[in-house]
Structures are given as C-alpha cells and as structure tokens.
Amino acid sequence: MNPEPTSPENLDTEEGAHAHQADGTDSSGQLDAGIADENMIPDEIPE
C-alpha cells in the first residue's frame with residue numbers, strides 16, 4: 001500500500017527542504033539527512 005501523496009499546499013507551511021518520489025511519497029526527511037536516490041525530486045534545489 002502506498003501512502004497518500006503530500007500535497008504541495010502543505011509543504012509551503014513547513015520549514016526545511018522538501019522532496020518527493022514520483023509516486024508522491026514524501027522524501028523530505030531523506031533530503032534533510034543528505035540521503036538521495038535517483039528517484040527523488042526536490043521541490044527546490046538546496047543551496
């Protein structure tokens with residue numbers, strides 16, 4: 001079972017970098033930890 005996709009509206013209210021997988025799964029925690037894979041899509045390119 002896949003988790004419900006995180007809507008972009010909810011991401012704007014949270015702090016930190018945000019990312020997701022192609023299926024909509026939230027990957028923000030992985031991006032914050034510096035763990036990335038080829039399927040991760042960042043909402044913004046981290047500086």
Drop me the distance from [X]'s [atom1] to [Y]'s [atom2], to the nearest 0.5 angstrom.
X: His20; Y: Ser28; atom1: NE2; atom2: OG; result: 9.5 Å
X: Ile35; Y: Ser27; atom1: CD1; atom2: OG; result: 10.5 Å
X: Met40; Y: Thr25; atom1: CE; atom2: OG1; result: 11.0 Å

* To do: Begin with the C-alpha distance, continue with both residues' side-chain angles, and end with the deciding distance and a verdict on side chain to side chain contact (heavy atoms under 4.5 Å, CB included) for Leu31 and His18.
  => CA-CA 7 Å; Leu31 183 62; His18 302 286; 5.9 Å; no
* Ile41 and Gln21: CA distance, side-chain angles, deciding distance, side chain to side chain contact (heavy atoms under 4.5 Å, CB included) verdict -> CA-CA 6 Å; Ile41 305 166; Gln21 299 290 323; over 6 Å; no
